[in-house]
Trainee: 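I have a structure here, written as structure tokens, and I will follow up with some questions on it.
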2 protein chains.
Amino acid sequence: MRELMIHLHESSPKYKQIYLSIRLLIENKELQPNTKLPSIRQLAEILHVSRNTTLVAYEQLLAEGYIRSEQKRGYFVETFESVDIHTPTLHAEKYISEETNIKVDFRAGSVDQHAFPLKAWKQCVNEVSKDGIVYMYGEQQGDRLLREKIALYLLQSRGIRTSADSIVIGSSTQQLLMNLSFILKKEYSSIAVENPGYDGARAVFHLNGFQINPIEVKEKGLCMKQLEHTDSKLVYITPSHQFPTGVTLPIAERLKILKWAHSQNGYIIEDDYDSEFRYQQQPIPALLSIQQEARVIYISTFSKAFLPSIRLSYMVLPSELLDQYHQQFATFEQTASSIHQRTMARFMERGHWDSHIRKMRATYKRKMHALVSSLNFSFGNAISIIGPQSGLYILIQLQSSDSEERLIQLASDLGVKVYPTSHLFIGNHPQEPMLQLGFSNLSIDEIQQGVQLLKKAWMIN
Amino acid sequence: MRELMIHLHESSPKYKQIYLSIRLLIENKELQPNTKLPSIRQLAEILHVSRNTTLVAYEQLLAEGYIRSEQKRGYFVETFESVDIHTPTLHAEKYISEETNIKVDFRAGSVDQHAFPLKAWKQCVNEVSKDGIVYMYGEQQGDRLLREKIALYLLQSRGIRTSADSIVIGSSTQQLLMNLSFILKKEYSSIAVENPGYDGARAVFHLNGFQINPIEVKEKGLCMKQLEHTDSKLVYITPSHQFPTGVTLPIAERLKILKWAHSQNGYIIEDDYDSEFRYQQQPIPALLSIQQEARVIYISTFSKAFLPSIRLSYMVLPSELLDQYHQQFATFEQTASSIHQRTMARFMERGHWDSHIRKMRATYKRKMHALVSSLNFSFGNAISIIGPQSGLYILIQLQSSDSEERLIQLASDLGVKVYPTSHLFIGNHPQEPMLQLGFSNLSIDEIQQGVQLLKKAWMIN
């Protein structure tokens with residue numbers, strides 16, 4: 001118990017200081033796994049705070065999986081799979097070393113390799129390998145069992161009432177947007193998109209001949225006034241976690257955009273790509289959950305919350321579009337692997353999916369915290385951090401006269417890879433360069449090492 | 001040796017009668033695995049034929065894997081995995097029983113479940129599960145390792161000289177044709193297709209706004225004269241095994257069409273979907289192998305020769321189109337699973353692919369033979385069989401006044417599922433109904449049972 005040296009002096013609430021101090025001790029291995037912690041009462045006495053304060057701190061640590069409570073025995077430091085030991089396989093190493101000597105790659109879009117439930121997944125893979133579906137073409141709309149599991153998940157986690165019949169599975173969000181475009185372009189000729197926004201979606205709309213109306217993203221998300229002034233009746237948005245700015249569309253704006261879609265006889269394409277990962281609040285209800293019969297096409301993916309390599313996405317189609325989909329794509333084979341689909345269905349059925357999401361939320365929250373703390377510590381006021389409340393990446397904006405390209409090059413020279421954002425803007429991009437830093441497949445050590453190298457790279461100027 | 005009762009009385013060549021008789025005894029288990037066969041000399045004496053005749057019969061049986069030769073010991077019945085015991089899993093059963101009580105489903109497009117090299121595949125799956133690529137987005141153009149293996153395979157088996165750089169992987173032939181259409185429609189507005197032909201390809205071209213020019217398929221394949229009279233500069237063909245008629249485009253016609261594409265500055269899209277399965281001749285060289293710098297886009301798939309459930313296809317793009325592909329699809333994620341891609345690469349690397357193809361060729365040849373023999377036996381002159389030299393299905397044409405729909409219904413009433421072909425024709429389809437029968441996932445018993453039921457179903461009239 002002597003090891004537990006906590007000094008309360010910061011300005012944040014006391015319970016938060018306690019929580020953060022203990023977390024840091026656990027993360028730095030100063031508190032070893034299975035160490036017994038002082039009781040709520042003992043800790044309150046040591047620190048001269050109320051028992052309620054220590055209780056709240058412990059509850060937060062419990063919720064995030066740092067500590068566990070054993071009946072009648074008290075609180076213990078949890079054993080969790082270390083996210084600090086990073087042992088990439090030969091192939092991953094080869095992949096990384098292809099581009100100079102990158103030591104830390106802040107690439108968004110990989111997932112945590114060490115927290116992955118490989119055993120549970122393999123069990124499901126083995127089970128499915130005995131299934132006759134392996135030897136056949138799959139259902140056109142996607143594996144029915146998976147669609148049922150997705151419908152249940154959408155109800156429980158996103159408040160969306162739908163059924164397997166309305167869900168269409170595809171091999172990527174872009175592939176689904178492609179099919180959707182073929183349906184929508186018969187009636188609509190232009191589409192509004194967020195600016196900045198996901199270039200991959202824009203590319204699909206562009207290829208399909210849509211006129212693209214960029215709408216500015218402000219503090220409250222998409223600017224409704226601008227949207228109302230375009231001639232678009234379609235809009236593609238990422239309301240839960242705007243890509244790339246991280247803004248969440250507030251409920252008032254959500255209601256406005258739903259109303260707009262109705263009055264226009266248009267559609268909202270709601271891309272909910274990583275809503276699983278919110279660290280400071282409950283997940284925001286999906287647009288589609290707010291209104292029955294909403295003119296919303298909901299799209300999501302397993303790439304962020306599970307694995308990008310299995311290529312699994314899905315969309316929920318309103319009945320009118322579903323009819324058109326059936327007509328237009330009757331002779332089209334499903335593009336997603338039916339082996340992966342059925343495996344994912346079993347994985348969800350067994351409850352692995354829910355515990356995976358909970359675990360990853362805690363893991364990624366720790367990493368996000370490490371990244372933000374390190375950046376604040378190293379750069380202070382010279383940096384603005386955009387979007388640290390959710391998702392698997394942040395944006396940073398530097399007070400620097402250097403160009404985006406130059407900053408990326410300087411970082412790369414010291415072995416750190418950071419990513420541009422200018423391609424996400426239509427027209428002018430911000431004067432101060434804005435960079436994207438993902439962290440999902442980095443350990444906390446690597447994150448800290450990466451930030452230190454960035455400081456070295458960029459402070460030379 | 002007493003068991004070997006062969007009576008020679010038919011009109012076909014003697015060696016063939018001997019070969020067929022022994023094969024039937026093996027297939028019906030009247031000759032058990034590892035039974036020693038009479039020597040070539042002994043058999044010749046028993047049957048009063050020349051030694052050369054028995055030699056040729058044995059060689060044929062050897063080549064097809066029914067018997068083996070052991071040095072200095074003689075000939076023995078081969079042990080091969082029984083294709084007669086069909087034990088579909090619960091799920092497969094459920095799948096089938098959804099539609100009334102189907103006992104025998106002559107569905108094309110499934111693959112043989114019993115001959116599948118599950119163990120070797122699982123080893124590769126396990127190996128890949130340790131690979132860092134599992135946790136990342138894959139390469140846009142497809143896994144490089146797989147593209148290298150495909151390039152090697154295309155050289156060895158199809159005579160095509162290409163490299164990994166020119167190969168684009170996708171999740172289905174239709175998905176590749178979709179991307180290709182976006183490139184080609186900038187320059188071309190119409191495309192010629194085979195009639196009858198693959199409706200799934202037509203649907204892609206139709207969706208992309210191409211005018212479609214149907215060209216008749218005759219005994220020598222696509223009618224060149226008709227092609228030359230259209231305004232199309234693009235043509236989509238299946239030259240090795242025309243879908244659905246099974247015709248092989250002769251070399252003279254191949255040269256003509258290559259010349260045509262050059263003179264038009266057009267392109268031939270060569271869909272080589274099941275060229276692995278030719279039973280009476282060597283595989284026909286691909287169009288792309290005939291000419292260097294040919295104006296040919298070669299497309300093939302792993303769905304027929306391996307598994308439809310993993311969704312893996314690929315195309316070889318001429319350099320001009322490759323540049324355009326890179327420009328147009330730079331921001332598009334690969335749609336095929338990178339886990340399946342890498343697993344297939346390892347499977348090919350270890351030599352499993354080649355032995356799988358050899359084995360399946362022998363297996364499917366036996367099944368094709370069983371189907372054709374049964375049909376001939378049951379229907380005699382009342383039936384024409386189209387395309388029994390290759391592939392995983394045949395067409396049958398009945399001398400019947402019933403419609404296609406009616407024949408399918410009659411069969412279904414007795415628990416047999418056969419498939420229509422009229423949707424493969426543009427405009428008029430043949431007066432005599434033409435049906436498609438696949439056999440790949442049926443046992444020889446099931447095939448024979450199915451044909452008997454068909455006879456019962458159709459002879460009532």
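In the text below, chain A, chain B and the rest are named by the order of the sequence lines, each starting its count at 1.
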Trainee: For each of B/Pro308, B/Ser303, B/Ser110, B/Ser338, tally heavy-atom pairs with chain A at distances under 4.5 Å, and name the one with the top tally.
Mentor: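 Of the options given, most contacts go to B/Pro308.
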
Trainee: What part of A/Ala330 is in contact with chain B, defined as an atom under 4.5 angstrom from a non-hydrogen atom: side chain, backbone, both or neither?
Mentor: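 When you check distances to chain B, no heavy atom of A/Ala330 falls under 4.5 Å.
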
Trainee: Is the shortest heavy-atom distance from the side chain of A/Phe332 to the side chain of B/Met178 under 4.5 Å?
Mentor: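 The answer is yes; the side chains approach within 4.5 Å.
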
Trainee: Measuring heavy-atom distances to chain B, does A/Leu207 have an atom under 4.5 Å in its side chain, in its backbone, in both, or in neither?
Mentor: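 A/Leu207 touches chain B through backbone and side-chain heavy atoms alike.
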
Trainee: Write down the atom of A/Arg107, the atom of B/Tyr137, and the distance for their closest heavy-atom approach.
Mentor: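 Closest approach of A/Arg107 to B/Tyr137, heavy atoms only: NH2-O, 4.0 Å.
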
Trainee: Check whether B/Leu118 gets within reach of chain A through its side chain, its backbone, both or neither, counting any heavy atom under 4.5 Å.
Mentor: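 For B/Leu118, side-chain heavy atoms alone lie under 4.5 Å from chain A.
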
Trainee: Can you confirm whether A/Ile339 sits close enough to B/Arg311 that some side-chain heavy atom of one is under 4.5 Å from a side-chain heavy atom of the other?
Mentor: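 A side-chain contact is absent here, since even the closest heavy-atom pair is not under 4.5 Å.
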
Trainee: Among the options A/His340, A/Gln175, A/Lys122, pick out the one with the most heavy-atom pairs lying under 4.5 Å from chain B.
Mentor: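 Sorted descending by pairs with chain B, the first entry is A/His340.
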
Trainee: Does B/His206 NE2 have over 12 foreign heavy atoms under 6.0 Å away?
Mentor: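 No - once you tally the heavy atoms of other residues, nucleotides and ligands closer than 6.0 Å, there are 12 at most.
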
Trainee: Please flag which part of A/Gln334 lies under 4.5 Å from any non-hydrogen atom of chain B: side chain, backbone, both or neither.
Mentor: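 Looking at A/Gln334, just its backbone touches chain B.
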
Trainee: Chain B heavy atoms under 4.5 Å from A/Glu333: which part of the residue, side chain, backbone, both or neither?
Mentor: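 It is both, since atoms from each part get that close.
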
Trainee: So A/Ser309 and B/Tyr135, side chain to side chain contact (heavy atoms under 4.5 Å, CB included) or not? Walk me through it.
Mentor: CA-CA 6 Å; A/Ser309 55; B/Tyr135 304 96; over 6 Å; no

Trainee: When you look at NZ of A/Lys119, are more than 12 heavy atoms from neighbouring residues, nucleotides or ligands closer to it than 6.0 Å?
Mentor: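 Open.
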
Trainee: Between A/Val134 and B/Gln113, is the side chain to side chain contact (heavy atoms under 4.5 Å, CB included) condition met? List the steps.
Mentor: CA-CA 9 Å; A/Val134 168; B/Gln113 183 161 356; over 6 Å; no

Trainee: For A/Phe306, is it the side chain, the backbone, both or neither that has a heavy atom under 4.5 Å from a heavy atom of chain B?
Mentor: neither

Trainee: May I have the step-by-step check of side chain to side chain contact (heavy atoms under 4.5 Å, CB included) for A/Thr331 and B/His423, ending in yes or no?
Mentor: CA-CA 11 Å; A/Thr331 60; B/His423 62 291; over 6 Å; no

Trainee: Enter the distance from B/Thr335:OG1 to A/Leu176:CG here, rounded to the nearest 0.5 Å.
Mentor: 11.0 Å

Trainee: Is B/Ser172 close to chain A through its backbone or its side chain, or both, or neither, when contacts mean heavy atoms under 4.5 Å?
Mentor: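 The answer is the side chain of B/Ser172.
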
Trainee: If the condition is salt bridge (charged side-chain N to carboxylate O under 4.0 Å, His left out), which residues does B/Glu349 pass it with, not counting sequence neighbours?
Mentor: B/Lys149, B/Arg346

Trainee: What residue in B/Leu312, B/Val125, B/Val204 has the most heavy-atom pairs under 4.5 Å with chain A?
Mentor: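 The option with the most such pairs is B/Val204.
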
Trainee: Measure distances from A/Phe182 to the heavy atoms of chain B and classify the residue's part below 4.5 Å as side chain, backbone, both or neither.
Mentor: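 When you check distances to chain B, only side chain atoms of A/Phe182 fall under 4.5 Å.
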
